[in-house]
Amino acid sequence: MPEASAARVAARLGRDAVFRMALAVQAYFSLLVRVLRACASRPFYRADLIQQMDTIGVGSILIVMLTGLFTGMVLALQSAVELERFGGSLYIGRLVGASTIRELGPVLTALIVTGRAGAGMAAALGAMRVTEQVDALRTMGIDPVRKLVVPRFIAALVMLPVLTIIADCVAVFGGLLIAVLKLDMTVQLYLSSVFDTLAQTGFVLTVVPIDLIQGLVKPFAFGGLMALTSCFHGLRTRGGTEGVGRATTQAVVATSLLILAVDYFITQIIIVIFPQ
């Protein structure tokens, strides 16, 4: 029967897809274990780490600053339209500060850096893979994971929180521009409103605002996800230059989805640990 044959083919394809996905997940976590082990042992390639910190961090500062600036300006402008109806323009600083530091700063920074640096990681490692440079490293007795992945992984862990802090500060400044120039608020009133919203959720050890912890834990996790996922797809590249483009696209898409999913779980965990 044609229908039965088609059903068997579909079932077989479904099983093959699930099996391939399971193998990919296993390989992903196997790479994570190898990276963590390599981070805690020698040799360590410091020059490669510095180069990757420059590529990921310094190279992304401008685009991160522009993203933060326009995000803060749009938040202040949109919230002003609604809050003015209820006489709540004084709370614009609270809205910009809370939404930027808790969510938009870490997430937008991670997505922007993924599109720039994460795609570059996948493309670079993919090109090395299809030109057999990765195999050449193994022939010379050099571990490709230690040489290629670990510096990118550590650099992303370090630089994503730094870039997020920059994006948060610029976003708050962007909101300040709108509040002062269009809403006739004073600088002191706006900044005090931002600080009030940080103090409202409480402090850890009576010093560090909970919102700030949330805003720095997320980019730390996002940086590891970006580097690991991009390098994973880059090292699995097949099919020449066309495969490099395909691996780069898969890396950016997978990393973006993981960032959004992990953002939810981290937020839920923080809410449970630090109830407001």
Side-chain angles (χ1 to χ4, degrees), residues 22-60 106 109-110 113-114 116-129 133-166 204-205 208 212-237 247 250-252 254-259 261-263 265-267 269-270 273:
L23 289 179
V25 172
Q26 181 184 12
Y28 184 87
F29 283 100
S30 176
L31 177 62
L32 174 61
V33 172
R34 292 180 62 186
V35 168
L36 294 178
R37 287 178 177 174
C39 289
S41 60
R42 296 182 178 181
F44 190 74
Y45 299 94
R46 293 182 178 85
D48 293 331
L49 173 61
I50 295 173
Q51 178 185 357
Q52 293 303 320
M53 290 177 68
D54 177 73
T55 301
I56 297 172
V58 179
S60 302
T109 300
V113 176
T114 294
R116 183 193 173 276
M121 291 181 195
L125 268 62
M128 295 181 67
R129 178 68 177 177
Q133 295 181 54
V134 175
D135 297 330
L137 288 176
R138 291 195 181 96
T139 303
M140 293 185 294
I142 299 174
D143 183 6
V145 171
R146 188 183 297 275
K147 173 69 173 176
L148 302 176
V149 181
V150 171
R152 290 171 169 84
F153 183 78
I154 297 177
L157 290 179
V158 173
M159 297 312 299
L160 255 294
V162 175
L163 291 173
T164 300
I165 293 174
I166 294 174
V204 176
L205 302 177
V208 184
L212 186 60
I213 292 178
Q214 180 174 339
L216 293 180
V217 168
K218 289 181 178 181
F220 185 80
F222 296 160
L225 277 175
M226 180 195 71
L228 188 67
T229 306
S230 299
C231 293
F232 173 76
H233 285 282
L235 292 175
R236 289 168 60 91
T237 301
Q250 291 173 348
V252 173
T255 304
S256 300
L257 292 175
L258 284 173
I259 286 172
V262 170
D263 175 59
F265 289 108
I266 293 178
T267 302
I269 292 171
I270 292 176
I273 297 177

- List the steps, then state whether side-chain contact (heavy atoms from CB on, under 4.5 Å) holds for D263 with F222. CA-CA 8 Å; D263 175 59; F222 296 160; 3.7 Å; yes
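- For the atom pair F29 CZ and L31 CG, the distance stands at 11.0 Å (nearest 0.5 Å).
- When all heavy atoms of A247 and T237 are compared, the closest pair comes out as CB-OG1, 3.3 Å.
- Closest heavy-atom contact between L163 and I56: CD1-O, 3.7 Å.
- Checking side-chain atoms of S230 against main-chain N and O of G118 turns up a donor-acceptor pair under 3.5 Å.
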Q.
What verdict does the side-chain contact (heavy atoms from CB on, under 4.5 Å) test give for M121 and M226, after you've listed the backbone C-alpha separation in whole Å, the side-chain angles of each residue and the deciding distance to 0.1 Å?
A. CA-CA 9 Å; M121 291 181 195; M226 180 195 71; 3.8 Å; yes
Query - H233 vs V252, side-chain contact (heavy atoms from CB on, under 4.5 Å): CA-CA, chis, key distance, verdict - result: CA-CA 9 Å; H233 285 282; V252 173; over 6 Å; no
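- Partners of R129 according to the salt bridge (charged side-chain N to carboxylate O under 4.0 Å, His left out) rule, which considers only residues two or more places apart in sequence or in another chain, are D135.
- Heavy-atom neighbours of Y28 OH from other residues, nucleotides or ligands within 6.0 Å: above the threshold of 12.
- Rounded to the nearest 0.5 angstrom, I259 CD1 and T109 OG1 are separated by 10.0 Å.
- Between the S30 side chain and the Q26 main chain, no donor and acceptor come within less than 3.5 Å of each other.
- Put simply, the side chain of R138 does not reach to within 4.5 Å of the side chain of D143, judged on heavy atoms.
- When every heavy atom of L160 is checked against every heavy atom of G223, the shortest pair comes out as CG-CA, 3.8 Å.
- Between R146 and I142 the shortest side-chain heavy-atom distance does not fall below 4.5 Å.
- In this structure, D54 and Q51 have side chains that are not in contact, with every pair of non-hydrogen atoms separated by 4.5 Å or more.
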Enumerate, atom names and distances included, each donor-acceptor pair closer than 3.5 Å involving a side-chain atom of residues 147-157, sequence neighbours excluded.
from	atom 1	to	atom 2	distance (Å)
K147	NZ	D48	OD2	2.8
R152	NH1	L148	O	2.6

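- Side-chain contact between F232 and L32 is absent, with no heavy-atom pair separated by less than 4.5 Å.
- Smallest separation of non-hydrogen atoms from T229 and A251: CG2-O, 4.2 Å.
- Taking CG from L235 and CG from L125, the interatomic distance works out to 4.5 Å, rounded to the nearest 0.5 Å.
- Between T255 atom OG1 and Q250 atom CD the span is 11.0 Å, to the nearest 0.5 Å.
- Just one residue in the list I266, T164, V217, L216 forms a side chain to side chain contact (heavy atoms under 4.5 Å, CB included) with P106, and that residue is T164.
- Taking 4.5 Å as the limit, some side-chain heavy atom of L49 sits within range of a side-chain heavy atom of F44.
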